[in-house]
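Read through the structure below, which is laid out as structure tokens, and then see the notes.
Note that the coordinates shown come from a computational prediction; the quantities given were computed from them, not determined experimentally.
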Amino acid sequence: DSIASQASGNHVGLCHPVLSRDDNAQAQLSRIGFNRTQHALTTLQQAGHAVHFGDNGHFQLAQSAAQAALMQEITHSQAHAKALVSWLSPKQALQQLKIQCEHGGWWFPQGLWINPPSLCNGYVDQSKDKISLQLNTYVDSISYVDGNWQLFDSLGCCIAESASLILANACDAQRLIPDAALMLSASLRSVTKIPEQDIELAISNLSSASYLTSAFAGWRCAGASRDE
């Protein structure tokens, strides 16, 4: 298999900051992550890596009148939010984005779409001399020994060892560190690829209860998720 060929390998993914009324840790981390992603994409592209992305904006529609009121409150009360997002009423959304909607929504002018496999490959290519890539390798358990993390397969053989460990395996992380109080939840996700010519919209990236992406290589992605 190749890099990002399964759950993280959607044809197109969307990227924008998350905002909250209390500007909690998740919102702050999302904001930092978005800024770092913008910088990383530009750096990779300038270095000649074939990373496919666009920054043509993202419109997040309010799903109800209550959510619309909350989104407006956050937009007007948080100084950092004003640099990232603007509130559009239904009338403004129609005028500026040619989108008809009931409650309005958030317009992220710097919102991104990304082809995840190309980004993952770009990261690996950027640091080839520092990465030992192992695909299709199941990690059965982990252990912290003498300042290093050790990863073991189902036969108890050490697969890899490093001073730092990042778990990016969603809910399965709980299996490897069962004593940690991780706030993880499983969700069912569905994605459909749609020919670019089948949908004609003035704006490319939309989200609400579901989402629609910009087109890349002739295909858009439409998808949704729900908790199990």
Can you list the residues that meet the salt bridge (Lys or Arg N to Asp or Glu O under 4.0 Å) rule with Asp55, with sequence neighbours excluded?
->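 Not a single residue meets the salt bridge (Lys or Arg N to Asp or Glu O under 4.0 Å) criterion with Asp55.
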Any heavy-atom pair between the side chains of [Y] and [X] that's under 4.5 Å?
{"X": "Ile74", "Y": "Val85", "answer": "no"}
{"X": "Asp23", "Y": "His80", "answer": "yes"}
{"X": "Trp106", "Y": "Leu19", "answer": "yes"}

Would you confirm whether [X], through its side chain, and [Y], through its main-chain N or O, come within 3.5 Å as a donor-acceptor pair?
{"X": "Ser214", "Y": "Ser204", "value": "no"}
{"X": "Asn115", "Y": "Ser118", "value": "yes"}
{"X": "Thr137", "Y": "Leu135", "value": "yes"}
{"X": "Gln78", "Y": "Arg21", "value": "yes"}
{"X": "Ser64", "Y": "Gln67", "value": "yes"}
{"X": "Thr37", "Y": "Gly33", "value": "yes"}
{"X": "Ser162", "Y": "Leu165", "value": "no"}
{"X": "Gln110", "Y": "Leu84", "value": "no"}

Take Tyr211 and Val191 through the side chain to side chain contact (heavy atoms under 4.5 Å, CB included) test and state the conclusion after the steps.
-> CA-CA 9 Å; Tyr211 66 86; Val191 181; 3.3 Å; yes
Return the minimal non-hydrogen interatomic distance between [X] and [Y], and the atom names on each side.
{"X": "Trp107", "Y": "Pro109", "result": "O-CD, 3.2 Å"}
{"X": "Ala27", "Y": "Ser20", "result": "CB-OG, 3.7 Å"}
{"X": "Ala93", "Y": "Leu88", "result": "N-CB, 4.1 Å"}
{"X": "Val12", "Y": "Phe216", "result": "CG2-CB, 3.7 Å"}
{"X": "Trp87", "Y": "Ala62", "result": "CH2-CB, 4.4 Å"}
{"X": "Ser207", "Y": "His16", "result": "OG-NE2, 4.5 Å"}

Under a single-linkage definition using a 4.5 Å side-chain heavy-atom cutoff for Ile, Leu, Val, Met, Phe, Trp and Tyr, are [X] and [Y] assigned to the same hydrophobic cluster?
{"X": "Ile3", "Y": "Tyr123", "value": "no"}
{"X": "Leu212", "Y": "Trp113", "value": "no"}
{"X": "Leu44", "Y": "Phe34", "value": "yes"}
{"X": "Leu206", "Y": "Val18", "value": "no"}
{"X": "Leu14", "Y": "Leu97", "value": "no"}

Has [X] got more than 12 heavy atoms of other residues, nucleotides or ligands less than 6.0 Å from its [atom1]?
{"X": "Gln197", "atom1": "CD", "answer": "yes"}
{"X": "Gln28", "atom1": "CD", "answer": "yes"}
{"X": "His76", "atom1": "NE2", "answer": "yes"}
{"X": "Ile166", "atom1": "CD1", "answer": "no"}
{"X": "Asp146", "atom1": "CG", "answer": "no"}

Point-to-point distance, once rounded to the nearest 0.5 Å, from [atom1] of [X] to [atom2] of [Y]:
{"X": "Cys120", "Y": "Leu133", "atom1": "SG", "atom2": "CG", "answer": "10.5 Å"}
{"X": "Leu41", "Y": "Leu112", "atom1": "CG", "atom2": "CG", "answer": "6.0 Å"}
{"X": "Lys193", "Y": "Thr213", "atom1": "NZ", "atom2": "OG1", "answer": "10.5 Å"}
{"X": "Met71", "Y": "His103", "atom1": "CE", "atom2": "NE2", "answer": "11.0 Å"}

Between side-chain atoms of residues 149-161 and protein atoms elsewhere (two or more places apart, or another chain), which donor-acceptor pairs fall under 3.5 Å?
residue	atom	partner	partner atom	Å
Asp153	OD1	Leu155	N	2.9
Asp153	OD1	Gly156	N	3.1
Asp153	OD1	Cys157	N	2.9
Glu161	OE2	Asn148	ND2	3.3

Passes side chain to side chain contact (heavy atoms under 4.5 Å, CB included), Cys101 versus Phe59? Steps please.
-> CA-CA 11 Å; Cys101 56; Phe59 189 49; 4.2 Å; yes
For residues 173-181, dump all side-chain donor-acceptor pairs below 3.5 Å to protein atoms at least two apart in sequence or in another chain.
residue	atom	partner	partner atom	Å
Gln174	NE2	Ile177	O	3.4
Gln174	NE2	Pro178	O	3.3
Gln174	NE2	Ala180	O	2.9
Arg175	NE	Asp172	OD1	2.8
Arg175	NE	Asp172	OD2	3.4
Arg175	NH1	Tyr138	OH	3.3
Arg175	NH1	Val139	O	3.3
Arg175	NH1	Asp140	O	3.0
Arg175	NH2	Val139	O	3.0
Arg175	NH2	Asp172	OD2	2.9

Give me the ring orientation class for Phe108 and His58: parallel if the planes are under 30° apart, tilted from 30 to 60°, perpendicular past 60°.
->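 Rings of Phe108 and His58: perpendicular, as their planes differ by over 60°.
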Is Asp198 paired with Arg220 through a side-chain N to carboxylate O contact shorter than 4.0 Å?
->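 No, Arg220 and Asp198 are not salt-bridged.
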